[in-house]
Number of protein chains: 2
Amino acid sequence: MKPTQKHTIYDIATRSGASASTVSAALNGTWKARRIKEATALRIIALAREMGYSVNLQARGLRTARSGLVGLILPEHNNRFFSDLSQSFTLEARARGQCPVIIATARNPEEELSTVRDLMAYSIDALFVAGAADPQHISKICRAAQLPHVFIDQPCPDAPSVITDNETGARQLTEAIIDTLAPHSPALEGTGREKIYLLGGDARLHASSRRIAGFRAAMIAHFGRCDDDQVIACGYEPQTAQAEIRALHARLGGMPAGLFANSLNVFEEVLRFLSRRPEPELRGFSLGCFDYEPYGELLRLPVHMVRQRHRELVRRAWELLEEPGSTELVTVPPELCLARPRVLRYEG
Amino acid sequence: MKPTQKHTIYDIATRSGASASTVSAALNGTWKARRIKEATALRIIALAREMGYSVNLQARGLRTARSGLVGLILPEHNNRFFSDLSQSFTLEARARGQCPVIIATARNPEEELSTVRDLMAYSIDALFVAGAADPQHISKICRAAQLPHVFIDQPCPDAPSVITDNETGARQLTEAIIDTLAPHSPALEGTGREKIYLLGGDARLHASSRRIAGFRAAMIAHFGRCDDDQVIACGYEPQTAQAEIRALHARLGGMPAGLFANSLNVFEEVLRFLSRRPEPELRGFSLGCFDYEPYGELLRLPVHMVRQRHRELVRRAWELLEEPGSTELVTVPPELCLARPRVLRYEG
DNA sequence: GGCACCCGCACAATCGATGTTGCAATATAA
DNA sequence: TTATATTGCAACATCGATTGTGCGGGTGCC
């Protein structure tokens, strides 16, 4: 009854009087195809259960060249977008009888590559890569090893990818920021404080570049122009973001009219900065964040957010994997989460 | 040069004129002990690199009965405490040359058990279990399979465990909440609104019960009593927490003097509730949360938090694993993060 | 009665590594 | 010169599963 030791199909074979191959067939469900008597199969299955048998997946994997493991590589765990992605990925994987292996690589391209290689050494069945720093290199390695792979969030031209419609999302978010701008004040004209700034992200990466494009488009549609200094793609590092927002504030001599935080990491730093400014300075300040964080809805300031549909991204990624050999790019529209006017919004 | 196909040590053996066993020894570093000429070893290593060889870890695992995989089971990904834990776990695992496999089981005991069994089928080398719903059952299965395991956050009497000093942390947090209570108002006496309430968690679980004990101790130390209705251990479900806070508010006819949120999930719901209350109702309301969330520092309300030292928890867990056969219980003191008075705290 | 055929299963090869054993060839000792 | 050690490596068994092949016995058919 109790699985005291590890049993193998050979133990079961001995105790059941059958051969190992019969046991194998009985247990993995191929017994019908192998013309094993139903009674024999059932007897073996019952015995295996009684002995607490569980298959050795390394042995199976060695034989079949599959492992049941599916990898997901992402930049970090403690970021709501990626942890939501992990959650969805886990659900999808387990629903398909696969075992999810999720590894964070700190936006470090070398770490990414070495992790890919590590995972391949385990004969993972598929690899999902979210927010990669170097998609092409990863894809090259995977293709060389014939490993099915999909990119999420950051696409790759050489492999199937699923991304959010960053441009549209960014445009809508920018429009929302514009809509909640404080009434135009002539005093600020020309100081730069009348403008909206986009902060964070890496312009060399696809996702950021599309978001920047969306931001620009909205700016041009509404104001007829978008200055280069309005886009501050300073990466994802909290320290850098903090420094940039400070510098911006210093340069302008005050808060700008609005801000587009291009990642949760940056958003958090913006809030940290804001939490040290006196209240009056924040009146009429219009804030948006690309990516969703539930706490964003619970802040003193109204915050507009763009929520990526993580479940959908993961689902579509899995679908892409199932159609072989495509380099399709699937785009999923994001969800715009507008700050609703709140009782507490302003006290004045 | 390019790893076009998967190579094995046999390919390398053929191409190098050596035998597979020599190749194996050369590549895994045991060649000195096996009296292989240095020149031979180096030649093989160079060839392997050139061919882009990488070991098949399933084959190695089958032979050695180890896999290089270490499991971490936790309730959910999208919770800052657990995602911090994932992050630390990943770092520690990779520093030791192991591959982390992190799986969320939704606080579902059956899901936990089946995940444990799945992981064991992969011959994982060790299992870490954080916030388990049913530690004893898990431990029993692991012991039967002789799998080294450690519990984090929720301890198990039968296995090594690392936990935060929940009682002290809760006491300190409660004291902080008491310290920031609004001045005593005789009008509220006897309404229940003069009291502090603990919301969330599961009193049957060790962590919660210690936190409740700490809460009680602080209450008794300061007020000479703690009523049973002050502890509302309603679990971790957002919906339930939301319902309970509403019910409390209705029962009291207003906000209580303070609240101790016993988990981030509950904290989030409390904030959601608060964000719909008019500002004046929140004056002097004193809020604390067991577990840390960076956004907690950025809210309109001052929030005290207790931060578990995730890195330390993980490190100690790994240490425990290395001393064999202990059922030691290691306690790590948490970090108290007091809300600092802020410019924006009140406007009045 | 002889042949073909199907049923139910066992045998054995195989996946890719590890590690023990043993065998030549050379070096050292007697 | 023969006996003994040592060096350097190849052969082979093994881990636990999967899967192609084949064999003995029973049935059906002519």
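Only heavy atoms go into these numbers, but all of them, side chains included; no hydrogens, no water, no symmetry mates.
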Is it true that Ser21(A) and Ser24(A) share a donor-acceptor pair across their side chains at a distance under 3.5 Å?
no
By the salt bridge (charged side-chain N to carboxylate O under 4.0 Å, His left out) test, which pairs, at least two apart or in different chains, include something from residues 109-118 of chain A?
Glu111(A)-Arg94(B), Asp118(A)-Arg94(B)
Under the ring-ring contact (aromatic ring centres under 6.0 Å, His included) rule, collect the residues that match up with Tyr122(B), sequence neighbours excluded.
none
Partner residues of Arg60(A) under the salt bridge (Lys or Arg N to Asp or Glu O under 4.0 Å) criterion, sequence neighbours left out:
none
Could you give the CG-to-P distance, from Asp11(A) to dC15(D), as a whole number of Å?
11 Å
Distances under 3.5 Å between protein N/O atoms and the N/O atoms of nucleotides 20-22 of chain D, please, pair by pair.
residue : atom : partner  : partner atom : Å
dG20(D) : N7   : Arg34(A) : NH1          : 3.4
dG20(D) : O6   : Arg34(A) : NH2          : 2.4

When rounded to whole Å, the CD1 to P distance for the pair Ile36(A) and dT19(D) reads 14 Å
For Glu237(B), which residues count as a salt bridge (Lys or Arg N to Asp or Glu O under 4.0 Å) partner, sequence neighbours excluded?
none
Find which nucleotide of DNA chain C each of Thr22(A) and Ala20(B) is nearest to by heavy atoms, and output the residue with the more 5' nucleotide.
Thr22(A)
Glu38(A) meets the salt bridge (Lys or Arg N to Asp or Glu O under 4.0 Å) criterion, sequence neighbours left out, with none
Going by the rule salt bridge (Lys or Arg N to Asp or Glu O under 4.0 Å), which residues pair with Arg107(A) if we only count those two or more places apart in sequence or in a different chain?
Glu76(A)
Might you list the N or O atoms of the protein lying below 3.5 Å from N or O atoms in nucleotides 15-17 of chain C, with each pair's distance?
residue : atom : partner  : partner atom : Å
dC15(C) : O2   : Arg63(A) : N            : 3.4
dG16(C) : N2   : Ala59(B) : O            : 3.3
dA17(C) : OP1  : Tyr53(B) : OH           : 2.5
dA17(C) : OP1  : Asn56(B) : N            : 3.0
dA17(C) : OP2  : Ile9(B)  : N            : 2.5
dA17(C) : O5'  : Tyr53(B) : OH           : 3.4
dA17(C) : N7   : Tyr10(B) : OH           : 2.9
dA17(C) : N6   : Tyr10(B) : OH           : 3.2

Under 4.0 Å between any heavy atoms, over every strand shown, what does Ala18(B) touch: base, sugar-phosphate, or nothing? Just pick one.
sugar-phosphate
What residue pairs, at least two apart or across chains, pass ring-ring contact (aromatic ring centres under 6.0 Å, His included) with a residue in residues 10-39 of chain B?
none
Mind jotting down which residue pairs meet the salt bridge (charged side-chain N to carboxylate O under 4.0 Å, His left out) criterion with at least one end in residues 124-136 of chain B? Sequence neighbours excluded, please.
Arg66(B)-Asp125(B)
Under 3.5 Å, side chain of Thr22(B) to main-chain N/O of Ala18(B), donor-acceptor pair present?
no
Numerically ordered, the residues 37-48 of chain A set in heavy-atom contact under 4.0 Å with DNA chain C is Lys37(A), Thr40(A)
Side chain to side chain contact (heavy atoms under 4.5 Å, CB included) involving Ser139(B) - partner list, sequence neighbours excluded:
Arg143(B), His149(B), Phe151(B), Cys156(B), Asp158(B), Ala159(B)
What is the nucleic acid contact for Ala65(A), judged by heavy atoms within less than 4.0 Å: base, sugar-phosphate only, or nothing?
nothing
